[in-house]
Amino acid sequence: MRAYRIAAIPGDGIGVEVIAAGLRALQEVAAREGSFRLEVESFPWSSDYYLERGYYIPEGGLEKLRAFDAIFFGAVGSQKVPDHISLWGLRLPICQGFDQYANVRPARVLPGVTSPLRAGQGIDWVVVRENSEGEYAGHGGRAHRGLPEEVATETAVFTRAGVTRIHRFAFELARKRPKKHLTLVTKSNAQRHGMVLWDEVFFEVARDYPEVKTDRELVDAVTTRMVLKPGTLDTLVATNLHADILSDLAAALTGSLGIAPTANLNPERRFPSMFEPIHGSAFDIAGKGIANPIATFWTAALMLEHLGEQGAARRLMSAVESVTGSGVRTRDLGGSANTEEVTRAVCAAL
Ligand code: IPM
Ligand code: MG
């Protein structure tokens, strides 16, 4: 029997609750399929762990993670640690250390869920986010701290290699989708270096994909198109920061941030890829048992797909869809069910 080694990092806040739920669903899928096993090891790396020890990832931690087939990540973020410390302490070292440059964020209205848009029911998008450079490159600095002449720079870094590989990835993905349509999103009217490179490389790569229909939007304009003409979009490719923002909008337009999944992929599989719900640690509702586990189930389905278990992924998504369709929904989706009830319903539907 095939066995996959999964590293679970629940992290902070509701990450702990949703990863526990996600692992239950995953083990149930594996049992139903009967053709593979999941060997899960949990890592306690979190903000509390950091506050006790002074680090999120212990010495040798990344090397240890490297041996896994995939990483199942909850969330990082705590009221007790500044966000840029927690993010750069745990999540970004994994994304960047494992060259997970392709961040994939599907957005679709699940059965029984209502889009806040009148024209939104048919939304079926994938936002492809560049995940290794751009505005998150970490380049910049501060000088003259605290003085009136203090200066801070935050330099976005775009490399031809980095831009080419994300565009190629986006074209490959768009080509496998029914509409075969890819929208390039940049801001090359105002930002005339990196963004113009993005545009140029996009159309160079496009020549290799004549079957994919393309168009382009400026990032500000695409928000209006997402809201007013959602049906005209399919696959979108954008920089790290732009796609971060667009994917939150996409999640809201499909009903709730509580359902939105993401995959941080190293497409060449030199390193493990990481799968996480988009929502974050949500400490306002942490520990109450009411977090929506659907984003994590959908995330788990993306992980199964990546592992090559397409049948299991489909089985999990149909279970999720039958449950949302049946009305068992958490509060963010207008229902009254808690995490446990949704999880039990999904496991039963499996
Ligand atoms: C996301 C999140 C993160 C990001 C935060 C937690 C830094 O918003 O995954 O979209 O911006 O990458
Ligand atoms: Mg975000």
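Remember, it's 1-based here, ligands and their atoms both numbered in the order they're listed. Starting from 1, each residue takes its place in the sequence as its number.
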Could you pull out, from Asn131, Ile278, Leu92, Asp244, the option with a heavy atom nearest to atom 8 (O) of ligand 1?
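Closest candidate by heavy-atom distance is Asp244.
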Which of the listed options, Leu87, Thr262, Asp83, Leu241, holds the heavy atom that is closest to atom 5 (C) of ligand 1?
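Shortest heavy-atom distance from atom 5 (C) of ligand 1: Leu87.
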Is the ring centre of Phe68 less than 6.0 Å from the ring centre of Phe43?
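Centroid separation for Phe68 and Phe43: below 6.0 Å.
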Taking the six-membered ring where the residue is Trp, are the ring centres of Phe72 and Phe275 under 6.0 Å apart?
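Centroid separation for Phe72 and Phe275: 6.0 Å or greater.
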Between Arg105 and ligand 1, which part of the residue brings a heavy atom under 4.0 Å of the ligand: side chain, backbone, both or neither?
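It is the side chain that gets close, since no backbone atom is under 4.0 Å.
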Between His279 and ligand 1, which residue portion shows a heavy-atom distance shorter than 4.0 Å: side chain, backbone, both, or neither?
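Neither; nothing of His279 gets under 4.0 Å from ligand 1.
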Quick one, Thr299 with Glu276, criterion side-chain hydrogen bond (donor to acceptor under 3.5 Å, both in side chains). Give me CA distance, side-chain angles, the key distance, then yes/no.
CA-CA 6 Å; Thr299 295; Glu276 58 173 339; over 6 Å; no
Would Ser47 and Asp12 count as having a side-chain donor-acceptor pair, cut-off 3.5 Å?
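Per modelled atom types, Ser47 and Asp12 side chains form a pair under 3.5 Å.
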For [atom], grab the closest protein heavy atom and report residue, atom and distance to one decimal in Å.
atom	result
atom 4 (C) of ligand 1	Tyr136 OH, 3.4 Å
atom 3 (C) of ligand 1	Arg91 NH1, 3.8 Å
atom 12 (O) of ligand 1	Arg129 NH2, 2.9 Å

Can we say Asp124 and Arg177 salt-bridge, meaning some charged N sits less than 4.0 Å from an Asp/Glu carboxylate O?
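Between Arg177 and Asp124 there is a salt bridge, with a charged N closer than 4.0 Å to a carboxylate O.
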Confirm or rule out an N/O/S atom of Asp244, from backbone or side chain, lying less than 2.8 Å from the Mg ion (ligand 2).
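Checking Asp244: at least one N, O or S atom is under 2.8 Å.
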Side-chain contact test, heavy atoms from C-beta onward, threshold under 4.5 Å: evaluate it for Glu41 versus Ile6 and give yes or no.
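Contact flag for Glu41/Ile6 side chains = no.
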